[in-house]
Amino acid sequence: MGLTGVTGILIAQLAVTQAADNTATLVSKVNVVDFSKPNGAWSGAEVGQSLATHDRLRTGEDSRAAAKLGDATMLRIDELTTIEILPPKDASGKATLDVKQGSTYFFSREKSREINFQTPAANGAIRGTEFLLTVTPQHRTLVAMLSGEVELSDSAGRMVLGKGDQGEAEPGQSETKGDIRNAMNSVQWYLLIETKLPPHETVVTADKQQFLDGLCDAMKQWRMVAPQVVKAAVQKRRELGPDILRTALRCLGGDCGAVAQVVAAVVAADPTRAAEYTELAIQISPGCANEIEHGAQTNEGNFTNPPANINAPPGSIGGGAIGNVCIVCHNGSEVQVACSDLQSYLQSHPGDTSGPCQPTPVTNP
């Protein structure tokens, strides 16, 4: 699911006109979270610590952080991510997210707040409350709009994205606009589950009930991307696959179309148990049997349109349609790595393997 196994750099310029808003506060941390003053050495960060202009924060491997801006805007920071707070670029004092590489979740209660961002591929002005922003190792920019609006622009032009849209920009290529429901592998969807967990828990560390409750809450709030959320859940907690499917179908209700899409997502995340998942889903939702059997055979990369490339190259996602990104099994979770960087990544991450994670064999006593 994206960039969690790849060292990501996220530099966030977060400031507004009033001095009180030129700071952020670290409200939660999991595992390794470091802090430094401008040009200073890194040291361990503490929950409650204030971050002033030019301060930096970074998360280590399998680590998370959440920061609160002065206006109650929340920024969730994935593992292997670094942020730096910089002053406004101009007198207007509009905030800017300068994203070099990485993935983050942004939420603001202020619907009128305008957030600017820039990446190696595009610039954007987000006028809304909620989005996921990712920059891949190849500098490909993806904006997944959960609420609000963004104007995405580059040297070739501009386009407006609304709720349910995903915009993509890549250096030297024209921007594209698509349906967020088709973005199965390019966004860190598990971050949505983590918004529903206790502050110091992640999708990996949460206990079973916390995880399943968080999954259900996330699916209900962001129903339009329920398949993506469920697929991410199975990839992160494969041992809970049947429980995840039961929870997902219970939270969805009796919509056979949605049920079939979720079953397809679960099967895509763990195809070795396809028959088990299909049988379980039919037991839970017998009235949707036809849709479930069809959905379980749906291509994992596209739940609303016919598959564009059924025979994708081994280790790639969607036949390379998202920019030559390869799957790597990292600590039991599937992450995305630029195929051009695959060998160097594997050399620097002993124990990681190329291709999807394989289920751990069960040995009878």
Side chain [X], main chain [Y], donor-acceptor under 3.5 Å:
{"X": "Arg238", "Y": "Ala269", "answer": "yes"}
{"X": "Thr81", "Y": "Thr59", "answer": "no"}
{"X": "Thr104", "Y": "Arg76", "answer": "yes"}
{"X": "Gln166", "Y": "Ile180", "answer": "no"}

Side-chain heavy atoms of [X] within contact of [Y], under 4.5 Å:
{"X": "Ser103", "Y": "Leu133", "answer": "no"}
{"X": "Gln228", "Y": "Val187", "answer": "no"}
{"X": "Glu170", "Y": "Glu168", "answer": "no"}
{"X": "Phe107", "Y": "Leu146", "answer": "no"}
{"X": "Cys216", "Y": "Lys196", "answer": "no"}
{"X": "Leu191", "Y": "Thr195", "answer": "no"}
{"X": "Val32", "Y": "Glu61", "answer": "no"}
{"X": "Phe35", "Y": "Leu51", "answer": "yes"}

To the nearest 0.5 angstrom, please state how far the [atom1] atom of [X] sits from the [atom2] atom of [Y].
{"X": "Met219", "Y": "Leu192", "atom1": "CE", "atom2": "CG", "result": "12.0 Å"}
{"X": "Glu194", "Y": "Lys236", "atom1": "CD", "atom2": "NZ", "result": "8.0 Å"}
{"X": "Glu201", "Y": "Ser28", "atom1": "CD", "atom2": "OG", "result": "11.0 Å"}

Note to self: Would Leu57 and Val33 count as a side chain to side chain contact (heavy atoms under 4.5 Å, CB included) here? Give the steps.
What the structure shows: CA-CA 7 Å; Leu57 194 73; Val33 180; 3.8 Å; yes
(request) Decide side chain to side chain contact (heavy atoms under 4.5 Å, CB included) for Leu132 and Trp189; before the verdict, give the C-alpha distance in whole Å, the side-chain angles of both, and the deciding distance to 0.1 Å. (result) CA-CA 8 Å; Leu132 288 160; Trp189 296 110; 3.8 Å; yes
- request: Can you establish whether the number of heavy atoms outside Lys177 located under 6.0 Å from its atom NZ is more than 12?
  value: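 Check passes, neighbour count above 12.
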query: Which heavy atom in Met145 sits nearest to a heavy atom in Met224, and how many Å separate them?
result: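 Where Met145 meets Met224 most closely, the heavy atoms are O-CE, 4.0 Å.
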Item to check | Side-chain H-bond candidate by donor/acceptor type, Asp217 with Gln221, under 3.5 Å | outcome: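 There is no such pair between these side chains.
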